[in-house]
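Below: one structure, written as structure tokens.
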Amino acid sequence: MSVWLSYTPRPQTRKPRNDLLNEYTISLTGSGGQAASFCQIICTMANFQKLTSRQEDYSKWYNELVVKADLAEQSAVRGCMVIKPYGYAIWETIQHELDRRFKEQGVQNAYFPLLIPKSFLSREAEHVEGFAKECAVVTHHRLMNDPNGKGVVVDPNARLEEELIVRPTSETIIWSTYKNWISSYRDLPILCNQWCNVMRWEMRTRLFLRTAEFLWQEGHTAHATKEEAEDYARRMLDVYADFAENIMAIPVIKGVKSANERFAGALNTYCIEAMMQDGKALQAGTSHFLGQNFAKSFDVQFLSKENKYEYVWATSWGVSTRLMGALIMTHSDDNGLVLPPALAPVEVVIVPIFKKAEDLAALMEKLDPLADELRRRNIRVKVDTSDQSSPGFKFANYELKGVPVRLAMGGRDLENGTIEVARRDTLTKETLPIEGIAEHIEQLLADIQRNCYQKALAFRTEHIRTCDSYEEFKTEIQKGGFLLCHWDGTPETEERIKEETKATIRCIPLDPLPGFQEETGKCMVTGKPSPRRVVFAIAY
RNA sequence: CGGGAAGUAGUUCAGUCCGGUGGAAUACCUGCUUUGGGAGCAGGGGGUCGCAGGUUCGAAUCCUGUCUUCCCGACCA
């Protein structure tokens, strides 16, 4: 049986703030054979607290979502954000999951200073070339009362002899330290990571995507051989890819950066690239093979088994709070945030629907044991017994915040022994017998996690295509998505493409993409031979 | 850092052209009625109009400077 219903919103005397109506499909299916009716009801409802739709203005949608879902907000300091508790809880889960994986790779955490002597940044010429322009500089170490009586001023007598740089990344301070830690091959490898903040004086900032200060982890390793270092850089890339796909539910392309996009000071930069819903690319993590560049700059040598001095080989790798941006732009919709269960601070919210305290008490007799059972299954549960807002408000609010599963139970359910189960990713809901519901929820969460990934993968697959003509490329690339093209391997060609189209080579894929054969060809711009197709896109 | 727009109540915005005791919606507080998709009615509180100067008898409004945010560009290791 399949019944179509239409939901009529409660009459509103109040004028809707806007006429944005969300269209939902409505269907109700019941099957006589099952113990309970299976309902799939999705409704048409007025969206009172308007979130700009993605189609209308993607950028605005993102900005509003970050604030309305309570993830982060602007601070009093230009370009610096406040990460709010709900957003930080997601970041903590990201940290926890990554940290566990790092430790499986033998990594230990450590901490290095925030401030770096200016002279350190002059040591590795190429490295400095890359980012010296956007650093914050500490010049004084004391304040004094303003002689004119208004607040405090910098004490002109407290100028630092050597200015200090707020770390934009820690390679230099770490390698100056590693020099003291390393004398023999027996000291190697060193596998350290630090969770910290860094600062880059960005001109244009956006919450999570590009802020002046941001949180990240940076791993820095030292090895005796080139092979071991190269292998380690690759291995950490695999760790990132595994994490992105299994925890964040974001499909990524593992690849190598072209010379133009390579980290300054690295011999090779690996990356994972993700596609956002607007078709733009976002680099979700990088891992660098640094060769002996930093070892030479900071004179870090070790005595080998053969009693010979050799420079050590290095890697560094990192992901940042930018991942929060990737998470939002991969899964969320016009109703708000959508979180894969693995990262959701609350995986299941339970909303009792009641009028009087007695009603609530009766409902809680069923709901408390259910919440306990879910918690025993290691599911993060919140029971919202507050009578401060209506059930409808709670529904909309938890949707905005991306809670994967919502359970609602009212008087009717209590009589029937049922509970309403709504899932955020598909916006569907069904009424099920409460008997055995915990098992069902556990499976449902796993299903939602899979579905988030599959949906994102399907979207990416739809928006990857090959392109062999540069003329065609110029128009196609503006439509968004990834274009697989032949390229002659020269920085000049890439530079020309970037100038003319704003598109860059996101990566040279390590593995053939699903559905695409690896093949040689001719560069779409110059016609010179190309060993394989590379990924072009407009990037964040 | 260049070009554009904007900063007025917690939020979204009107008021600024044409100077004369600062508004709406929503949010908030109280009470009653409500509660299965963003509740209703009644009452109430809340703003140095971003900041600093200047013009004026008088400035949210005019002028100068400055800070912040958003959009476009440059930059983004």
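Both backbone and side-chain heavy atoms feed into the values below; hydrogens, waters and symmetry mates do not. Model, not experiment: these values are computed from the prediction. Here is how names work: the chains are called A, B, and so on, in the same order as the sequence lines, proteins then strands, and each is numbered from 1.
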Would you give me the side-chain donor-acceptor pairs under 3.5 Å for residues 402-417 of chain A, sequence neighbours excluded?
{"unit_1": "A:Arg406", "atom_1": "NH1", "unit_2": "A:Glu399", "atom_2": "OE2", "d": "3.4"}
{"unit_1": "A:Asp413", "atom_1": "OD1", "unit_2": "A:Thr418", "atom_2": "OG1", "d": "2.7"}
{"unit_1": "A:Asp413", "atom_1": "OD2", "unit_2": "A:Gly410", "atom_2": "N", "d": "3.2"}
{"unit_1": "A:Asn416", "atom_1": "ND2", "unit_2": "A:Arg412", "atom_2": "O", "d": "3.3"}

Need one value for [X]: base, sugar-phosphate or nothing, where a base atom within 4.0 Å counts as base even if backbone is also close, heavy atoms only.
{"X": "A:Gly336", "value": "nothing"}
{"X": "A:Arg78", "value": "sugar-phosphate"}
{"X": "A:Thr205", "value": "sugar-phosphate"}
{"X": "A:Asp387", "value": "nothing"}

A:Glu347 with A:Arg424: basic N within carboxylate O range, under 4.0 Å
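The answer is no: the pair does not qualify as a salt bridge.
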Between the side chains of A:Arg506 and A:Glu261, is the shortest nitrogen-to-carboxylate-oxygen separation below 4.0 Å, so that they form an ion pair?
yes
Hunt down the Watson-Crick or G-U wobble partner of [N], both distances under 3.5 Å, from any strand shown, or write none.
{"N": "B:G2", "result": "B:C72"}
{"N": "B:U64", "result": "B:A52"}
{"N": "B:U21", "result": "none"}
{"N": "B:A39", "result": "B:U33"}
{"N": "B:A27", "result": "none"}

Roughly, in whole Å, what's the span from [atom1] in [X] to [atom2] in [N]?
{"X": "A:Glu64", "N": "B:C71", "atom1": "CD", "atom2": "P", "result": "11 Å"}
{"X": "A:Asp384", "N": "B:U35", "atom1": "CG", "atom2": "P", "result": "18 Å"}
{"X": "A:Glu73", "N": "B:U68", "atom1": "CD", "atom2": "P", "result": "17 Å"}
{"X": "A:Gln74", "N": "B:G7", "atom1": "CD", "atom2": "C1'", "result": "14 Å"}
{"X": "A:Met81", "N": "B:U68", "atom1": "CE", "atom2": "C1'", "result": "17 Å"}
{"X": "A:Lys60", "N": "B:U12", "atom1": "NZ", "atom2": "C1'", "result": "10 Å"}
{"X": "A:Phe354", "N": "B:U34", "atom1": "CZ", "atom2": "P", "result": "15 Å"}
{"X": "A:Lys356", "N": "B:U34", "atom1": "NZ", "atom2": "P", "result": "9 Å"}

Could you tell me whether the side chain of [X] and the main chain of [Y] form a donor-acceptor pair under 3.5 Å?
{"X": "A:Arg262", "Y": "A:Leu267", "value": "yes"}
{"X": "A:Glu218", "Y": "A:Ser170", "value": "yes"}
{"X": "A:Arg167", "Y": "A:Pro113", "value": "yes"}

Would you say A:Ser390 places a side-chain N or O within less than 4.0 Å of OP1 or OP2 belonging to B:G38?
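Checking B:G38 against A:Ser390, no side-chain N or O comes under 4.0 Å of OP1 or OP2.
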Within the pair A:Asn335 and B:G38, is there a side-chain N or O less than 4.0 Å away from OP1 or OP2?
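Indeed not, no polar side-chain atom of A:Asn335 lies that close.
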[atom1] atoms of [N] and [M], separation to the nearest Å:
{"N": "B:G44", "M": "B:A9", "atom1": "C1'", "value": "15 Å"}
{"N": "B:G47", "M": "B:A60", "atom1": "P", "value": "16 Å"}
{"N": "B:C18", "M": "B:U61", "atom1": "P", "value": "14 Å"}
{"N": "B:A24", "M": "B:A14", "atom1": "C1'", "value": "7 Å"}
{"N": "B:C67", "M": "B:A52", "atom1": "C1'", "value": "10 Å"}
{"N": "B:C62", "M": "B:C75", "atom1": "P", "value": "37 Å"}
{"N": "B:G73", "M": "B:U11", "atom1": "P", "value": "29 Å"}
{"N": "B:A25", "M": "B:C51", "atom1": "P", "value": "25 Å"}

Answer yes or no: side-chain N or O of A:Lys355 and base N or O of B:G36 forming a donor-acceptor pair under 3.5 Å.
no
Look at the rings of A:Tyr232 and A:Trp317 and say which category their plane angle falls in: under 30° parallel, 30 to 60° tilted, over 60° perpendicular.
tilted
Select from A:Ile353 and A:Leu207 the residue whose nearest nucleotide in RNA chain B is closer to the 5' end of that strand.
A:Ile353
Would you kindly compare A:Asp413 and A:Gln388 by the position of their nearest RNA chain B nucleotide and give the one closer to the 5′ end?
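Here A:Gln388 is the residue nearer the 5' end.
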Cation-pi check for A:Tyr540 against A:Lys280: NZ or CZ below 6.0 Å from the six-membered ring centre and within 45 degrees of the axis, yes or no?
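Checked: cation-pi criterion met.
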Heavy-atom nearest pair, A:Tyr58 first then A:Asp278, reads CD2-OD2, 3.4 Å
Reading nucleotides 72-77 of chain B 5' to 3', which nucleotides get B (base under 4.0 Å from a protein heavy atom), which S (sugar-phosphate only), which -?
BBB-BB
